Amino acid sequence: MNRINQLFSSNPKDLLSIYFCAGTPTLEGTAEVIRALEKHGVNMIEIGIPFSDPMADGIVIQNTATQALRNGMSLKLLFEQLHNIRRDVKIPLILMGYLNPIIQFGFDNFCRQCAECGIDGVIIPDLPFKDYQEHFRNIAEQYDIKVIMLITPETSEERVHEIDEHTDGFIYMVSSAATTGAQQDFDEQKRAYFKKIEKMNLRNPRMVGFGIGNRATFRAACDNASGAIIGSRFVTLLNEEKDPEKAILRLIDGIK
């Protein structure tokens, strides 16, 4: 069974998934960050593939992606760095990146190397669901790579049900239509969106992302889904500390 499915199979709550960008804070530190996050109880990790135009991301992740590219990170190098990661890392690992560099790499080649490294899923924010269905789904399923789709408050109920029916793993529930970045709390409009999705009785579990970085937002995400995805806040702490263990301990102290 895919590790993502294993994680959600017992209907756990209060899951913590962390995003960071490969190649930061140092080019060679990707595996070190992954191991530090697992050591301190993170349940799942999103490894960002740096891209020059990350349109769904706020300034914090834009800047760290730029730094990673300057450091020399590439998709080819990332797979080399992850080659032996499954010798000791057990939790689900997801690659998060934009379509352009993945298509240049070749989608079949990308999925094959994901499988060889033990990557469990991918998030491609600018991959339209229709294109996924028509051109990418069969290849991803061949390699047991879960393609995680995003929904937002603007996603129609019909499309949400369609995504739920034709994908597997979990649904990434974006807290707002804005770009990534930590918020102080979720307003009533966002909480109503969470409740609306909950009432739809979807087959797939849900994780809430975008805007989570303190106790209030983490608790709200966990109350309305299986858990939370935190990116910008951890990236900020990692940039400040230059040490993944110190960064994740500060983050956990701030959300729990």
Side-chain angles (χ1 to χ4, degrees), residues 1-19 42-46 56 91-96 99 111 119-141 143-180 183 185-212 216-231 255:
M1 183 187 292
N2 184 287
R3 293 177 193 86
I4 296 171
N5 298 118
Q6 288 177 348
L7 177 64
F8 290 102
S9 63
S10 59
N11 297 314
K13 294 292 290 182
D14 299 349
L15 294 180
L16 175 59
S17 181
I18 295 291
Y19 166 95
V42 171
N43 303 106
M44 185 163 57
I45 300 173
E46 290 179 23
I91 62 175
L93 299 176
I94 295 170
L95 291 189
M96 190 279 196
L99 195 54
C111 289
I119 297 299
D120 305 289
V122 298
I123 298 171
I124 309 173
D126 58 341
L127 172 61
F129 182 68
K130 183 173 183 289
D131 290 356
Y132 158 72
Q133 288 278 77
E134 293 177 357
H135 304 296
F136 299 99
R137 179 179 177 178
N138 287 341
I139 297 171
E141 290 181 348
Y143 292 99
D144 194 26
I145 302 299
K146 306 301 181 185
V147 179
I148 308 303
M149 303 302 294
L150 286 70
I151 64 171
T152 77
E154 280 69 44
T155 306
S156 70
E157 291 193 23
E158 179 183 5
R159 177 50 56 89
V160 171
H161 279 299
E162 192 176 9
I163 288 171
D164 186 50
E165 181 181 352
H166 296 289
T167 64
D168 181 31
F170 69 94
I171 291 175
Y172 191 133
M173 192 160 67
V174 177
S175 66
S176 73
T179 56
T180 57
Q183 303 173 25
D185 202 353
F186 292 131
D187 59 26
E188 287 304 314
Q189 186 176 12
K190 292 184 178 69
R191 290 173 184 269
Y193 155 62
F194 297 157
K195 294 298 184 187
K196 182 187 82 169
I197 299 298
E198 185 175 8
K199 290 178 181 178
M200 292 175 69
N201 295 315
L202 301 179
R203 178 177 63 88
N204 280 296
R206 307 175 310 282
M207 294 285 286
V208 178
F210 286 46
I212 300 168
T217 49
F218 180 73
R219 190 70 263 146
C222 292
D223 287 346
N224 292 279
S226 294
I229 300 165
I230 298 180
I255 64 171

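Count residues from 1 along the sequence. Quick caveat: nothing in here was measured; it's all calculated off a predicted structure.
The local environment of NZ in Lys130 is sparse, with at most 12 non-hydrogen atoms from other residues, nucleotides or ligands closer than 6.0 Å. Taking a 6.0 Å sphere around CD of Glu134, one finds it holds more than 12 heavy atoms contributed by other residues, nucleotides or ligands.
The shortest distance between side-chain heavy atoms of Ile230 and Tyr19 does not fall below 4.5 Å. At a threshold of 4.5 Å between non-hydrogen side-chain atoms, the residues Phe194 and Ser175 count as touching.
In plain terms, the two heavy atoms of Met1 and Gln6 that are nearest each other are O-NE2, 3.2 Å. Nearest heavy atom pair, residue Asn43 against residue Asp14, reads OD1-O, 4.2 Å. Here the shortest heavy-atom pairing between Glu165 and Arg203 reads O-NH2, 3.4 Å.
The one candidate from Ile145, Val122, Leu127, Ile124 that meets the side chain to side chain contact (heavy atoms under 4.5 Å, CB included) condition with Phe136 is Leu127. Tested against Phe170 for a side chain to side chain contact (heavy atoms under 4.5 Å, CB included), the candidates Ile94, Leu202, Asn204 yield a single pass: Ile94. Paired with Asp120 under the rule side chain to side chain contact (heavy atoms under 4.5 Å, CB included), one option of Leu7, Ile91, Ile4 passes, and it is Ile4.
Separation of atoms OH (Tyr132) and CD1 (Ile163) is listed at 10.0 Å; rounding is to 0.5 Å. One distance of note links CE of Met207 with CG of Leu16; it measures 7.5 Å at 0.5 Å rounding. Rounded to the nearest 0.5 angstrom, Arg191 CZ and Lys195 NZ are separated by 9.0 Å.
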